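Accompanying notes for the structure given below.
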2 protein chains.
Amino acid sequence: MNISAASTMCGLPVKTVRYYADIGLVVPASRTEAGYRLYDDEAVRRLVFVRRAREFGFSIGECRELLGLYADRRRSSADVKRIATRRLRQIASKQRELQSLHDELAHLVEACSGDDRPDCPIIDGLGRRHSGE
Amino acid sequence: MNISAASTMCGLPVKTVRYYADIGLVVPASRTEAGYRLYDDEAVRRLVFVRRAREFGFSIGECRELLGLYADRRRSSADVKRIATRRLRQIASKQRELQSLHDELAHLVEACSGDDRPDCPIIDGLGRRHSGE
DNA sequence: CGTAGGGTTTCCAGCAACAGGAGAGTCAAC
DNA sequence: GTTGACTCTCCTGTTGCTGGAAACCCTACG
């Protein structure tokens, strides 16, 4: 199938599929004489795999690792688990960061009257070197 | 003061201070004859303000807006609150996204034995079109 | 058979928000 | 007067694409 059919099947934009081919992440099964990329079912499966992994926030590099394990029949599930666990820790860390951000900003927003006067705890809070002061 | 003194005072790398000057976000108070950027206390306050706002995840564009309000004595706190509230919603939305991501991935990781056998629910889960299947 | 329309190819630019480095000028101290 | 630190501008690279231009290709229609 050509690139637009593959694009439809895997749920990625044509541009992205082409990009993945360019960087050697998911290469087409072959090319026509005119140079058109041709994808088979296996290539589409790999594209779907990458889309899902990207949705999980895995970087292109991690996708490459996972894709290597995806096709490797001698892989150990421990290898996969290690990568996934690392990503899980990243997510948890980001969550904590967002939480404190949210709390701090919400605190400022609550303190702000939000009327037409210029006095604003949010501006004041941002202008201060450390938020806790 | 020169750029490295300003950098130290505001807590931003020299490169970033220079970048902010280039894009017109925080311009130096003046220049020496040799072209060296000179910052005064007011400029440093603006740099600190931007650093803090960036730490809160405000984009450069939003920093520009906030900086405009920061200096504006006729501002209404409602304007500031509107921008901050918008950002707060972005944070909350990102939090929800991360949460479902975390849950889904944690689910897969838990199901994975993590030994030297190739069977791996994580790989299987990523390969599937929709995770819920 | 010609052509109109789609699809496809390559390459080039650009997004955010800087970081790194080259090469040249500047400044203060010894 | 020369060393060494600092600064300047300009260019490239980062991540993961997205959009566009110019050219080629393919099919259908008349």
Side-chain angles (χ1 to χ4, degrees), chain A residues 1-39 43-44 46-67 87 90-91 94 97 101, chain B residues 1-40 43-44 46-67 86-87 90-91 94 97 101:
Chain A
M1 75 195 84
N2 65 11
I3 198 166
S4 60
S7 161
T8 305
M9 290 200 62
C10 74
L12 287 168
V14 169
K15 274 275 185 187
T16 302
V17 175
R18 204 173 279 134
Y19 172 69
Y20 288 167
D22 285 351
I23 64 174
L25 184 61
V26 179
V27 296
S30 61
R31 296 253 189 168
T32 68
E33 285 196 15
Y36 283 27
R37 292 171 182 82
L38 290 177
Y39 291 85
V44 169
R46 293 162 70 82
L47 285 170
V48 170
F49 182 87
V50 170
R51 174 175 65 74
R52 291 275 300 147
R54 291 286 304 136
E55 285 168 4
F56 270 105
F58 288 100
S59 70
I60 295 289
E62 285 170 325
C63 287
R64 226 181 272 271
E65 280 186 88
L66 289 168
L67 215 39
R87 173 78 194 125
Q90 289 169 5
I91 293 175
K94 193 75 190 169
E97 194 187 325
L101 222 57
Chain B
M1 74 195 84
N2 65 12
I3 198 169
S4 60
S7 160
T8 305
M9 289 199 64
C10 75
L12 286 168
V14 169
K15 272 277 183 185
T16 302
V17 175
R18 205 174 278 134
Y19 173 69
Y20 287 167
D22 285 351
I23 63 172
L25 185 61
V26 178
V27 296
S30 61
R31 295 254 189 168
T32 68
E33 286 196 11
Y36 284 26
R37 292 171 182 81
L38 291 177
Y39 291 85
D40 57 10
V44 169
R46 293 163 70 83
L47 285 170
V48 170
F49 182 87
V50 170
R51 173 176 63 76
R52 290 276 300 148
R54 290 288 300 135
E55 283 168 5
F56 270 104
F58 288 100
S59 71
I60 296 288
E62 285 170 324
C63 287
R64 226 181 271 271
E65 282 186 88
L66 288 169
L67 216 40
R86 183 175 64 204
R87 174 75 194 127
Q90 288 169 6
I91 293 175
K94 192 75 189 169
E97 193 185 328
L101 221 57

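These figures come from a predicted structure and were not determined experimentally. Within every chain, numbering begins at 1; the chains are lettered A, B, ... in the order of the sequence lines, protein sequences first and strands thereafter.
- The phosphate of C:dT8 has OP1 or OP2 within less than 4.0 Å of a side-chain N or O from A:Asn2.
- Considering only heavy atoms from C-beta on, A:Leu47 stays 4.5 Å or farther from A:Arg51 through its side chain.
- Contact annotation for A:Ile23: no contact, since no heavy-atom pair falls under 4.0 Å across all strands.
- On the nucleic acid side, DNA chain D has its first and last nucleotide under 4.0 Å of a heavy atom of chain B at D:dC6 to D:dT9, going 5' to 3'.
- At a threshold of 4.0 angstrom between heavy atoms, the contacts of A:Arg18 include nucleobase atoms, whether or not backbone atoms are also involved.
- Contact of the B:Gln90 side chain with the B:Lys94 side chain is not registered, since no non-hydrogen atoms from C-beta on lie closer than 4.5 Å.
- With sequence neighbours left out, B:Glu97 forms a side chain to side chain donor-acceptor pair (under 3.5 Å) with no residue at all.
- Dashed line: the shortest gap from a side-chain N or O of B:Arg54 to OP1 or OP2 of C:dA17 is under 4.0 Å.
- Here the P atom of nucleotide C:dA17 and the CZ atom of B:Phe58 are 13 Å apart, to the nearest Å.
- With a 4.5 Å cut-off on side-chain heavy atoms, B:Leu38 and B:Pro28 do not count as touching.
- For B:Thr8 (side chain) and B:Ser4 (main-chain N/O), a donor-acceptor pair under 3.5 Å exists by modelled atom type.
- Close to C:dT10, at under 4.0 Å from its OP1 or OP2, lies a side-chain N or O of A:Arg31.
- As rounded to whole Å, 15 Å separates atom P of C:dT10 from atom OH of A:Tyr19.
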Mark up nucleotides 19-30 of chain C, 5' to 3', with B wherever a protein heavy atom is under 4.0 angstrom from a base atom, S wherever such an atom reaches only the sugar-phosphate, and - elsewhere.
SBB---BBS---

